[in-house]
Amino acid sequence: FVLPLCAAAAPVEPGGALPALTLTDQHDTPWTVAPSTKQLLFAADKAGSDLANAVLAAQSPGFQSDGGIAYLADISAMPALVTRMFAVPKLRELPFSIGLVRETDVVADLPRQPGKVTVLDLDQGVITQIRYAADAKALRLALGLAAD
């Protein structure tokens with residue numbers, strides 16, 4: 001019998017622990033999901049990232065930290081030159097922290113749907129619910145904001 005050398009990562013599910021994520025943000029500052037984090041927003045593609053950026057940018061300063069919200073964006077598919085010259089400088093202009101995924105295998109087990117933001121509700125690092133927001137109204141509702 002031939003056994004696979006590495007097993008595929010099992011997708012995270014409600015009731016399971018969020019995998020440890022130690023990354024950097026858009027300012028090259030260490031970024032992790034704290035145990036007190038209540039929601040993790042995960043944008044696996046540009047459309048999801050644009051949606052999350054727009055909704056978070058419209059909130060007051062401190063919204064993320066006050067609400068226990070962490071935001072993670074997968075930029076691994078972007079060519080390195082584009083990332084370095086254009087994407088990261090643009091992200092640095094945003095008034096909130098974004099954990100940047102530069103290697104896709106780091107988040108291989110996080111659920112995703114094309115063009116949507118994955119919203120993982122957390123309780124002390126344990127996933128209690130997984131939702132997907134396809135538009136600003138749905139994301140605001142998931143964040144407990146008015147849907148207007």
Side-chain angles (χ1 to χ4, degrees), residues 5-14 16-145:
L5 294 176
C6 62
V12 298
E13 296 177 347
L18 182 70
L21 299 167
T22 303
L23 306 165
T24 57
D25 69 7
Q26 71 269 39
H27 303 288
D28 293 323
T29 302
W31 183 97
T32 60
V33 178
S36 61
T37 300
K38 295 177 180 145
Q39 288 184 310
L40 173 64
L41 307 182
F42 172 53
D45 57 25
K46 183 170 180 357
S49 181
D50 289 345
L51 172 59
N53 291 348
V55 169
L56 291 175
Q59 306 312 310
S60 61
F63 171 77
Q64 265 186 294
S65 58
D66 294 346
I69 299 166
Y71 172 33
L72 179 63
D74 187 347
I75 61 169
S76 64
M78 236 183 265
L81 182 63
V82 172
T83 299
R84 190 173 50 256
M85 299 286 293
F86 302 104
V88 172
K90 185 175 180 182
L91 293 174
R92 286 183 176 143
E93 296 173 7
L94 296 172
F96 48 85
S97 177
I98 306 169
L100 298 179
V101 177
R102 297 174 191 270
E103 296 178 22
T104 193
D105 60 327
V106 172
V107 292
D109 50 353
L110 291 185
R112 68 202 69 215
Q113 291 181 358
K116 298 179 181 178
V117 175
T118 304
V119 180
L120 296 117
D121 294 329
L122 304 170
D123 182 9
Q124 296 299 309
V126 174
I127 300 163
T128 59
Q129 184 177 15
I130 300 171
R131 297 175 280 170
Y132 302 94
D135 56 37
K137 179 179 179 181
L139 185 53
R140 283 194 297 270
L141 284 172
L143 293 171
L145 300 167

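Everything quoted here is computed from the prediction, not taken from an experiment.
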Undergrad: Applying salt bridge (Lys or Arg N to Asp or Glu O under 4.0 Å), can you list everything that pairs with D121, at least two apart in sequence or on another chain?
TA: R131
Undergrad: Tell me, please, which residues at least two apart from D45 pass side-chain contact (heavy atoms from CB on, under 4.5 Å).
TA: A47, P114
Undergrad: Considering all heavy atoms of both residues, which atom of F42 and which atom of P111 are nearest to each other, and what is their separation?
TA: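 Shortest heavy-atom separation between F42 and P111 comes out as CD2-O, 3.6 Å.
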Undergrad: Quick one: does any side-chain atom of D135 pair with a main-chain N or O of A138 as donor and acceptor, under 3.5 Å?
TA: yes
Undergrad: Is there a side-chain contact between V126 and L18 (heavy atoms, below 4.5 Å)?
TA: no
Undergrad: Please report the closest heavy-atom contact between G68 and T37, naming both atoms and the distance.
TA: O-CG2, 3.4 Å
Undergrad: Return the minimal non-hydrogen interatomic distance between S49 and A73, and the atom names on each side.
TA: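 In terms of heavy atoms, the two residues are closest at OG-CB, 4.4 Å.
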Undergrad: My understanding is that only residues two or more places apart in sequence, or in another chain, count here; which of them pass side-chain contact (heavy atoms from CB on, under 4.5 Å) with S65?
TA: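 Checked S65 against side-chain contact (heavy atoms from CB on, under 4.5 Å); zero matches.
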Undergrad: Specify the closest pair of heavy atoms between R112 and L110, including all atoms of both residues, with the distance to one decimal.
TA: NH2-O, 3.1 Å
Undergrad: Name the one of T118, L72, L139 that satisfies side-chain contact (heavy atoms from CB on, under 4.5 Å) with L41?
TA: L139
Undergrad: Could you work out, with side chain to side chain donor-acceptor pair (under 3.5 Å) as the rule, every residue matching Q129, not counting sequence neighbours?
TA: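 By the side chain to side chain donor-acceptor pair (under 3.5 Å) rule, Q129 matches no residue at all.
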Undergrad: With a 4.5 Å heavy-atom cut-off, do L56 and I98 have their side chains touching?
TA: no
Undergrad: Sequence neighbours left out, cut at 3.5 Å: what donor-acceptor pairs do the side chains of residues 77-94 make with other protein atoms?
TA:
residue	atom	partner	partner atom	Å
T83	OG1	P79	O	3.1
R92	NE	Q26	O	2.7
R92	NH2	D28	OD2	3.3

Undergrad: Counting N and O atoms only, with roles assigned by atom type, does the side chain of Q59 sit under 3.5 Å from a partner on the main chain of L145, one being a donor and the other an acceptor?
TA: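 No, Q59 side chain to L145 backbone: no donor-acceptor pair under 3.5 Å.
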Undergrad: Looking at side-chain heavy atoms only, is the closest gap between L120 and V12 below 4.5 Å?
TA: yes
Undergrad: Can you find a heavy atom in the side chain of L23 that is under 4.5 Å from one in the side chain of L100?
TA: no
Undergrad: Can you pull the salt bridge (Lys or Arg N to Asp or Glu O under 4.0 Å) pairs that have at least one residue in residues 55-67, sequence neighbours excluded?
TA: none
Undergrad: Verify, without hydrogens or angle tests, whether Q64 (side chain) and S97 (backbone) share a donor-acceptor contact under 3.5 angstrom.
TA: yes
Undergrad: Kindly write out the residues that satisfy salt bridge (Lys or Arg N to Asp or Glu O under 4.0 Å) with K46, not counting sequence neighbours, or none if the list is empty.
TA: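 Partners of K46 by the salt bridge (Lys or Arg N to Asp or Glu O under 4.0 Å) criterion, ordered by chain and then number, come out as D50.
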Undergrad: Would you call L21 and V107 a side-chain contact if the rule is heavy atoms closer than 4.5 Å?
TA: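 They are in side-chain contact.
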Undergrad: For residues E13 and I127, determine if any side-chain heavy atom of one lies less than 4.5 Å from a side-chain heavy atom of the other.
TA: no
Undergrad: Mind listing the closest non-hydrogen atom pair of D109 and P19 along with its distance?
TA: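 Here D109 and P19 meet closest at OD2-CG, 3.3 Å.
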Undergrad: Working to the nearest 0.5 angstrom, can you tell me the gap between T128 OG1 and L122 CG?
TA: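 If I round to the nearest 0.5 Å, the distance is 6.5 Å.
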Undergrad: How close do W31 and A70 get, counting heavy atoms only, and between which atoms?
TA: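 The answer is CZ2-CB, 3.9 Å.
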Undergrad: Holding to side-chain contact (heavy atoms from CB on, under 4.5 Å), I want the full list of residues that pass it with P14, two or more places apart in sequence or in another chain.
TA: I130
Undergrad: What residues, two or more places apart in sequence or in another chain, satisfy side-chain contact (heavy atoms from CB on, under 4.5 Å) together with T22?
TA: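 Residues passing side-chain contact (heavy atoms from CB on, under 4.5 Å) with T22: T32.
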